[in-house]
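Single-structure report; data block below.
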Amino acid sequence: MNYIGVDGVPTPADQAVISVMDHGFMYGLGLFETFRTYGGRPFLLEQHLQRLEAGCKALGIAHQVDHGRVEAEIAELLARNGLDEGYIRYTVTAGEGPLGLPVGDYEKPRVVIYVKPLPDPGETLYTDGKPLWRLTTPRNTPEGEVRFKSLHYMNNVLAKRELARLEREALETADAPAANAQAHVHGRRSAAAPAEGLLLTADGWLAEGIVSNVFFARNGRLYTPDVETGILPGVTRAKVLELAAEQGIAAEEGRYTWDELLEADEVFLTNSIQELVPVTELVESDQPGGRGSLRRTVGTGRIGPMTCLLLGKYREKARSGDAADHL
């Protein structure tokens, strides 16, 4: 990452700075959106910026977006960083303020745009999928009526650390005969793709992944946790629900349990960078604090037909240049 956009100016990365008095730094008062480009143009940009603007309004951050200017700034940053396609993070911080909890509005927010190469998904991610671990870290309650994509990301960081520990312990016990047998109780061993972690609410309802929303299918019907569980109302999640309706797939938003997920015919995750990723293995610790794990293969252990259909339709939309999706 050679250049970062700071308040509309492409800035060498080693010169891109924000004040230590910025309340985004001091109190996590700020929001961000992540999305990617197709053919050099950001997909669903309008929806991402609408969500960000709504969050800024709720937080008293005076930020109005010029959509055309944002797209132009992204194009320039891609060019300066030598990228045809990119992973974009658009961040708005509250701006500078005094030490002490704020009560007023913020009239001078700062805007930072990061771009980097898209991650390599590997050859088998969209066919063989990835494991989804059940975490013990609970999803915290949202900041307001709905969850913001805010700068205080501690819940997600703690969940990511738990997932790393679980995977590390699974590797450490992989050669032990008992652990090896336990790993096969409900299906095949862990897939090669990096796992995602699933957070549940404090009441035990399915919530969302560390960086994803979760869907599952059973008997031809699609299910996803309701926004009222405190999850982030994901932009890709909303697009998938729209695509399902277009394909005549019945979809339901509600409150579901881990046991219901275990009975699913298909499971997949959504986010703006990786699109729709099949989950082909569900994993949980066999006991609290234990090093063993219970693993269950989802469906055939490969991408299911509904996931495949929706992924294909999503990519058609993303690559079509549809004026309704691109600004």
Heavy-atom closest pair, residues [X] and [Y]:
X	Y	value
R221	M306	N-CE, 4.2 Å
R110	D7	NE-OD2, 2.5 Å
N271	Q274	OD1-N, 2.7 Å
V115	L83	CG2-CD1, 4.4 Å
V267	L261	CG2-CD1, 3.9 Å
G8	P10	O-CD, 3.8 Å

Just wondering, do [Y] and [X] contact through their side chains at under 4.5 Å, heavy atoms?
X	Y	value
R295	W133	yes
S212	T270	no
V283	L166	no

Same apolar cluster (I L V M F W Y, side chains within < 4.5 Å links), [X]/[Y]:
X	Y	answer
Y223	L132	yes
I303	F216	no
L262	L198	yes

Would a distance-only check, ignoring hydrogens and angles, find a side-chain to backbone donor-acceptor pair under 3.5 Å from [X] to [Y]?
X	Y	answer
E266	T307	yes
R139	W205	no
D128	R302	no
T280	V298	no
D22	L29	no
T124	T127	no
T236	G234	no
R147	N140	yes
E143	F148	yes
N213	L232	yes

Exercise. May I have the step-by-step check of side-chain contact (heavy atoms from CB on, under 4.5 Å) for V235 and K239, ending in yes or no?
Key: CA-CA 6 Å; V235 170; K239 176 56 70 174; 5.9 Å; no
Quiz item: Side chains of T37 and E85: donor-acceptor distance under 3.5 Å anywhere?
Solution: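 Yes - a donor-acceptor pair under 3.5 Å links their side chains.
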Quiz item: In terms of side-chain heavy atoms, does S272 have a donor or acceptor partner in T34 at a distance below 3.5 Å?
Solution: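 Per modelled atom types, S272 and T34 side chains form no pair under 3.5 Å.
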Practice problem: Examine F32 together with Y153 and report whether their ring centres are nearer than 6.0 Å. | Solution: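 Close enough - the centres of the two rings lie under 6.0 Å apart.
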Self-check item: Candidates E281, E284, E263 - the one meeting salt bridge (Lys or Arg N to Asp or Glu O under 4.0 Å) with R296
Solution: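 Answer to the salt bridge (Lys or Arg N to Asp or Glu O under 4.0 Å) test with R296 among E281, E284, E263: E263.
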Exercise. With side-chain contact (heavy atoms from CB on, under 4.5 Å) as the test, would you mind laying out the steps for I249 and L310 before giving the verdict?
Key: CA-CA 10 Å; I249 298 171; L310 292 171; 4.1 Å; yes
Quiz prompt | Test ring-ring contact (aromatic ring centres under 6.0 Å, His included) applied to H48 - qualifying residues, sequence neighbours left out | solution =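 Listed in chain order: F35.
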Quiz item: Taking atom CD of E246 as the centre, does the number of heavy atoms from other residues, nucleotides or ligands within less than 6.0 Å exceed 12?
Solution: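 Yes - once you tally the heavy atoms of other residues, nucleotides and ligands closer than 6.0 Å, there are more than 12.
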